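Here is the structure we will look at, set down as structure tokens.
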Amino acid sequence: MISISTRFTSGSDIENFAKKLSSKDRQTAKAVRVCIGTGCAAKGSRRLYELFCEAAEQSSQDVRVEAKCVGCHGFCERGPIVVVEPGQIFYQRVEEPDVAEIFRETVVGGRTVERLLYEDPVTGNKAKKAEEIDFYKVQERIVLGNNGLIDPTTITDYIAEGGYKALAKVLSSMTPEEVISEVETAGLRGRGGGGFPTARKWRSCREAKGSTKYVICNGDEGDPGAFMDRSIMEGNPHSVIEGMLIGAYAIGSEQGYIYVRNEYPLAVEHLKMAISQARDCGLLGKNILGSSFSFDIRINRGGGAFVCGESTALMASLEGRTGEPRAKYVHTVESGLREKPTNLNNVETWANIPAIINRGGKSFADIGTEKSKGTKVFSLVGKVVNTGLVEVPMGITLRRIIDQIGGGVRDGKSFKAVQTGGPSGGCIPAEHLDARVDFDELTKLGSMMGSGGMIVMDEDTCMVKVAKYFTNFLKEESCGKCTPCREGLAQMLYVLDRITDGEGQVGDVERLEGLAELLEGTALCALGKTAANPIISTIRYFRDEYDAHIKEKRCPAKECRGLFRYEIDSEACKACGICMKNCPVDAITGDKKVPHVIDQEKCTLCGTCWEKCPFAAVLKV
Amino acid sequence: MPTVTIDGCKVRVKKDATILDAARKAGIWIPTLCYHPSVSTDASCRLCMVELDRGDWRQLVTACNYPVRRDIVVYASSERAQQARRGVMELLLARAPESEELKALAERMGVYETRYPKVTESQRNCILCGLCVQVCEEIIGKAAIGFAGRGVDKAVAAPFRQPSEDCIGCGACAAICPVGTIKVRFHEDEKEIEISPFKSRAKMLVCQECGALIASAQVNKEALEKVDFKSERFRRSLRLCPKCRRLQTVAKLGTVTFVKK
């Protein structure tokens, strides 16, 4: 590893340093990159890294090998992931005993370990490199491009991959107004959920009165199932810092804050390291790269409230007050943190900035649709074959994301809906799968882009229960400041509870719709205003399921307890007696060679027989 | 000075005045609960919703904190605005069904009952408008009560929901409470004042003449510190109940000789 002893005092310093690095890199021809993103780390990849380090040390006389820990590759389903250079050989589901084999065969011997390669479940073809895998083929990785390549704990790796080049360019040859114009040409819109044009926000903040201005990076990612920002902060923290530096220069700010959830300890650690390294190199602090521009960043850790992802609540929390939103009739770009003009952007938005400067706004704008430019990172989760982080160009259809990247619905079930946009988003049904991923298109469908959560649901998912899950989440996370959100969500949940318990009343759907309209119009912040989206979108597309629950007391997906029964298929039943033995209330009767029967009077619907039956003879009807 | 056209009535207000200011100037009534001119505006109750003309669409905004910066057109009595206000009121009625004050306000708005059951279990009859918290902090300077919990479990409470030592028993919270939930109770035997439901108690000043309870001793002390009044006679008179003070004045009047000019 190369340590930096000198401070960069001009833009050309960075370029020269990067050149020096790349020539040195060529000498180290062999490298093992172990993913230490949260998914892989949970499966023990840290230990793998240590083992590779040991192996590399032991063999240091024969070969020069560098073992590196890198950020999330996105293919978390297949973790831990290890990539071996040269050849970018992509090993998945690597376990401790495999380390020695990989080292002996691939690193030293130059041969591939076939059994650790990804095998296409349909064709059976083995993929040697990441780009040969369907999961990666369709993706266009701008923001996540360097995740999986660089070690997030050293600034040298980032610089070697062209990091801080954009900052050098901006400081040496662009005026703040030119920077904003470039971002405007790129057509970048906020990736945090709202989709507000970034350049317009920057310009309003630049033009706002006052000499002290702040920039904030919102890393309070809280949507269930979402981990896009987490992976960027963990895997490539310098890209966020560089984006903030460029933004601060354009806006005229000298102080920045990164608000990151305390539940992301690795992100906090890597950001801290990155900031301190950037300071040591003179990339943060006074007179950056010999210019008159000064800027520094502080990290603030969030306490875990979902609502603190809302900009005004986040600023209140930064000030040390309770994280509650306030009215935005006066925008935060005019009066935000400590009543000073404040520009807040999401992690992914900031991480896009260096790419825009490096590629040029025009080339960035070539990607995407008319009004949504660039790429978007989604965390693809739920009932798909391949879960993980994916970065796709805007305008791609939902179908391609789910079928091609995600590999379709798991276990051969049929697709029912995809939930996008986090808890405030909506469910999109199969008939709209050809819709394009685009801010306005998703909104038209009653959902939204949000920060990029994408939860796939199959035929066994009850949509009323889905609506109930998200409503409950939001009820729990409502700060309780304003009446409609606090009381309205509790009332909506009360009605949904009643419906899934089989006690729904005629008119409940209308009651929900009335409350939804009230919330949308009168709630204080975006959390409350959009809180009814899961209910509204499921009513819009799955009204029949609501009706089945209410009128027929039946759950079509057979998920709501009490709204379906268990029965034994007498033809499939092999009379093995397992269900009988396991039934806790002795509701099952039968004899040897006589198909068993469930006594519906006694049955408590616990589902044990359904789980235990080895012949799938217990049915939900 | 920007002009606000509210329900067709034109009024001119200072820049950054609120829609509510304009409405009051125009003599148009908009119901409010969490708004009080003495404390900062939180806009948390959402009862003062009005419609703001945005050109091709109308936005529901809260009148109490929407700053008027240019000429605007507002509809306070439109169907949508009234429906929004009534909807909020119904939710509040479900939360505080026993408050007579709230019922009276609801009736004035044309809401006679609520469709919703009482589903929240926390603080009884409190609508969480926050006026008590604000007055205690901003005017009295004590911050003896604050918000505890979150969402539907949010409640106004003293720290750890224990009687607060910071409470001086001034009763400002009870006075400002728009739904009559906070009450002042007197305990004659212990000579104490209690602020309910916080269970905070404070010693009371006892009339030196008749033994009647006058006010919280701490309030009396702090008030005297604030006015910095030199006259010892005035200070003494404050240790009497209003009735005894009157009697004293009457007695004094008896000794005065009136000289006819």
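All values below were derived from every heavy atom in this structure, side-chain atoms included, with hydrogens, water molecules and symmetry-related copies excluded. What you are looking at is a predicted structure, and each value in this text was computed from that prediction instead of being measured. Quick note on labels: first sequence line is chain A, next is B, and so on, each numbered from 1.
Residue A/L524 touches chain B through both its backbone and its side chain, counting heavy-atom pairs closer than 4.5 Å. Of the atoms belonging to A/V307, not a single heavy atom falls under 4.5 Å from chain B. Residue B/A84 touches chain A through both its backbone and its side chain, counting heavy-atom pairs closer than 4.5 Å. Residue A/A305 touches chain B through both its backbone and its side chain, counting heavy-atom pairs closer than 4.5 Å. Contact annotation for A/R486: both backbone and side-chain heavy atoms come within less than 4.5 Å of a heavy atom of chain B.
Between B/R150 and A/E476 the shortest heavy-atom distance is NH2-O, 3.3 Å. Shown here for A/A490 and B/V152, the closest heavy-atom pair between the two residues is CB-CG1, 3.5 Å. Taking both residues in full, the closest heavy atoms of B/K154 and A/K481 are given as NZ-CA, 3.6 Å, listed atom of the first, atom of the second, then distance.
Between chain A and the residues B/L60, B/L91, B/V61, the largest count of heavy-atom pairs under 4.5 Å involves B/L91. With chain A as partner, the option from B/R80, B/R46, B/R85 having the largest number of non-hydrogen pairs under 4.5 angstrom is B/R46. Chain A forms the most heavy-atom pairs under 4.5 Å with one residue out of B/T41, B/I127, B/T62, and that residue is B/T62.
Within a 6.0 Å radius of CD in B/E113, other residues, nucleotides and ligands contribute 12 heavy atoms or fewer. When the shell of 6.0 Å around CZ of B/R185 is examined, it contains 12 or fewer heavy atoms from other residues, nucleotides or ligands. More than 12 non-hydrogen atoms from other residues, nucleotides or ligands lie less than 6.0 angstrom from NZ of B/K25. Counted within 6.0 Å of CD on B/E98, heavy atoms from surrounding residues, nucleotides or ligands total more than 12; the atom is thus considered enclosed. Atom CD of B/E107 has more than 12 heavy atoms from other residues, nucleotides or ligands within 6.0 Å. The environment of B/F147 atom CZ is dense: over 12 non-hydrogen atoms of other residues, nucleotides or ligands sit within 6.0 angstrom. The environment of CD in A/E520 is sparse: at most 12 heavy-atom neighbours from other residues, nucleotides or ligands sit within 6.0 Å. The neighbour count for B/R201 CZ, taken as heavy atoms of other residues, nucleotides or ligands under 6.0 Å away, is above 12.
A/Q491 is listed as a side-chain neighbour of B/P117, based on a closest heavy-atom distance under 4.5 Å. Between A/V330 and B/P67, the closest side-chain pair of non-hydrogen atoms falls below 4.5 Å.
With rounding to the nearest 0.5 angstrom, the CZ atom of A/R326 is 11.5 Å from the CG atom of B/D42. Atom CD1 of B/I19 is separated from atom OH of A/Y329 by 7.5 Å, given to the nearest 0.5 angstrom. Rounding to the nearest 0.5 angstrom, the gap separating the CG atom in B/L128 from the OG1 atom in A/T483 is 8.0 Å. If you take OG on A/S478 and CG on B/D153, they are separated by 10.0 Å, rounding to the nearest 0.5 Å. In this structure, B/R115 CZ and A/L515 CG are separated by 7.0 Å, a value rounded to the nearest 0.5 Å.
Under the 4.0 Å criterion applied to side-chain N and carboxylate O atoms, A/R511 and B/E90 are not assigned as salt-bridge partners.
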